[in-house]
K.L.:
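Supplied in structure tokens, the structure appears directly below.
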Amino acid sequence: GLVKFVNWHEDLLCIMEHGIFLIPINERVVAGEGPGGDAFINTGNVLPENPRVISTEFGSIWSESICVTDNYVYGVDTIAKKIWRTNGSQIELISDFKIQKFLNDNITLTEREKTPVIGVRNVKTHYNTFKRDIMFTFYDNLYGLEEKVWNICYSEIENKWVTLYSWVPSYSAAIDNIFFSFDRTTSKLITKLGLSNSHNKDADGICLSRTIFDKGDLTYTYSWWLGYVKRNGAVEIPLGYTSTTGFIGNLSFENRDLPKADGRFTIDLTYELLEDPYGNY
């Protein structure tokens, strides 16, 4: 599939999901020479029938991961787990032998996942024109509480990987050649609430009928058994349990194909209420 067209030195660079092609643009041809210079005429064959093949193995399914600098076009191939660059004539895998093991362990998106969800899932490349650094941002936190998040930097001046940032933006852009980014923590929380609400048109996976709880919706009841257990024959520890009561909403499956038999099906769900790093449930 076609992902993105890039204007590269007055030619057209075509980024596919699994390939890179260069399409020369010939608006006019030289018809003759004279004292005043060359004489040109328009041509009907602006685009050639056959493009120039740069790669048939590597490309990108994430259009935001494709970045253009003065010297190269960069991209992230999440299927091959490679970071590449091209000068229009050949491709170079800048991740090989440098950070390849890191990419193998920390790229979790598959070929089926192509749509960015800002704050939760995206692959973005940004060029800092002041420092001539290329920042490759990756985060995947669509399902569950665990996430794969990283932001690595490649220097065009030194031609090597220079740092791994602890800070990761949810989105970034160049405004007047100044790096501008959005806070990922805020956007991630809002997006997760939206994707977990069964009434949202983008709801996905196991969802609740509501994700914002009023005060008093959750009632905690603590009960203790009158019993003790001895460890190592000395220390006594009380046996007990904590129970939580209260209606938090209806669980449902969204955006999932479920097995059906005679128009009816039964699903057993096991779930638990977890606390996030900010004290929310």
K.L.:
Taking the side chain as every heavy atom from C-beta outward, state whether R210 and N250 have any pair of such atoms under 4.5 Å apart.
P.N.:
no
K.L.:
Working to the nearest 0.5 angstrom, can you tell me the gap between D133 CG and E158 CD?
P.N.:
8.0 Å
K.L.:
Going from CD1 on I54 to CD1 on I91, what distance comes out if it is rounded to the nearest 0.5 angstrom?
P.N.:
8.0 Å
K.L.:
Ignoring hydrogens and geometry, is there a side-chain-to-backbone donor-acceptor pair from W161 to I94 under 3.5 Å?
P.N.:
yes
K.L.:
side-chain hydrogen bond (donor to acceptor under 3.5 Å, both in side chains) with N87: which residues, sequence neighbours excluded?
P.N.:
S89
K.L.:
Would you say V120 and K192 make side-chain contact, with heavy atoms under 4.5 Å?
P.N.:
yes
K.L.:
Taking S95 for the side chain and I83 for the main chain, is one N or O donor matched with an acceptor at less than 3.5 Å?
P.N.:
yes
K.L.:
Say whether I152 and W84 are linked into one hydrophobic cluster, either directly or through other cluster members, by side-chain heavy-atom distances under 4.5 angstrom.
P.N.:
no
K.L.:
Could you give the side-chain donor-acceptor pairs of residues 162-170 under 3.5 Å, partners two or more places apart or in another chain?
P.N.:
from	atom 1	to	atom 2	distance (Å)
S170	OG	S187	OG	3.3

K.L.:
CD1 of I15 to CD1 of I61: how many Å apart, nearest 0.5 Å?
P.N.:
14.0 Å
K.L.:
To the nearest 0.5 Å, tell me how far F136 CZ sits from K124 NZ.
P.N.:
12.0 Å
K.L.:
To the nearest 0.5 angstrom, please state how far the OG atom of S55 sits from the CE atom of M16.
P.N.:
12.0 Å
K.L.:
Between S196 (side chain) and L193 (backbone), is there a donor-acceptor pair under 3.5 Å?
P.N.:
no
K.L.:
Would a single hydrophobic cluster contain both V6 and F21, if residues Ile, Leu, Val, Met, Phe, Trp and Tyr are joined by side-chain heavy-atom contacts under 4.5 Å?
P.N.:
no
K.L.:
Assigning hydrophobic clusters by single linkage (Ile, Leu, Val, Met, Phe, Trp, Tyr; side-chain heavy-atom cutoff under 4.5 Å), is M135 placed with Y127?
P.N.:
no
K.L.:
Who pairs with E156 by side-chain hydrogen bond (donor to acceptor under 3.5 Å, both in side chains), at least two apart in sequence or on another chain?
P.N.:
T69, Y74
K.L.:
In terms of relative ring orientation, are W150 and F138 parallel, tilted or perpendicular, with 30° and 60° separating the classes?
P.N.:
parallel
K.L.:
Excluding sequence neighbours, so at least two apart, what forms side-chain hydrogen bond (donor to acceptor under 3.5 Å, both in side chains) with N106?
P.N.:
none
K.L.:
Can you find a pair of side-chain heavy atoms, one from N71 and one from R132, that are under 4.5 Å apart?
P.N.:
yes
K.L.:
So how far is it from N197 CG to E254 CD, rounded to the nearest 0.5 Å?
P.N.:
9.0 Å
K.L.:
Can you list every salt bridge (charged side-chain N to carboxylate O under 4.0 Å, His left out) pair that touches residues 71-84, not counting sequence neighbours?
P.N.:
K82-D96
K.L.:
Does H126 have any side-chain hydrogen bond (donor to acceptor under 3.5 Å, both in side chains) partners at least two apart in sequence or in another chain, and if so, which?
P.N.:
none
K.L.:
Give a yes or no answer on whether the side chain of S60 reaches the backbone of G75 with a donor-acceptor pair at less than 3.5 Å.
P.N.:
no
K.L.:
Given side chains that start at C-beta, do those of D11 and I23 come closer than 4.5 Å, heavy atoms only?
P.N.:
no
K.L.:
Establish, yes or no, whether the cationic atom of R184 lies under 6.0 Å from the six-membered ring centre of Y139 and within 45° of the ring axis.
P.N.:
yes
K.L.:
Examine L22 and F58 and state if one hydrophobic cluster contains both, with Ile, Leu, Val, Met, Phe, Trp and Tyr joined whenever side-chain heavy atoms are less than 4.5 Å apart.
P.N.:
yes
K.L.:
Do L13 and V3 sit in the same hydrophobic cluster, where Ile, Leu, Val, Met, Phe, Trp and Tyr count as joined when their side-chain heavy atoms come under 4.5 Å apart?
P.N.:
yes
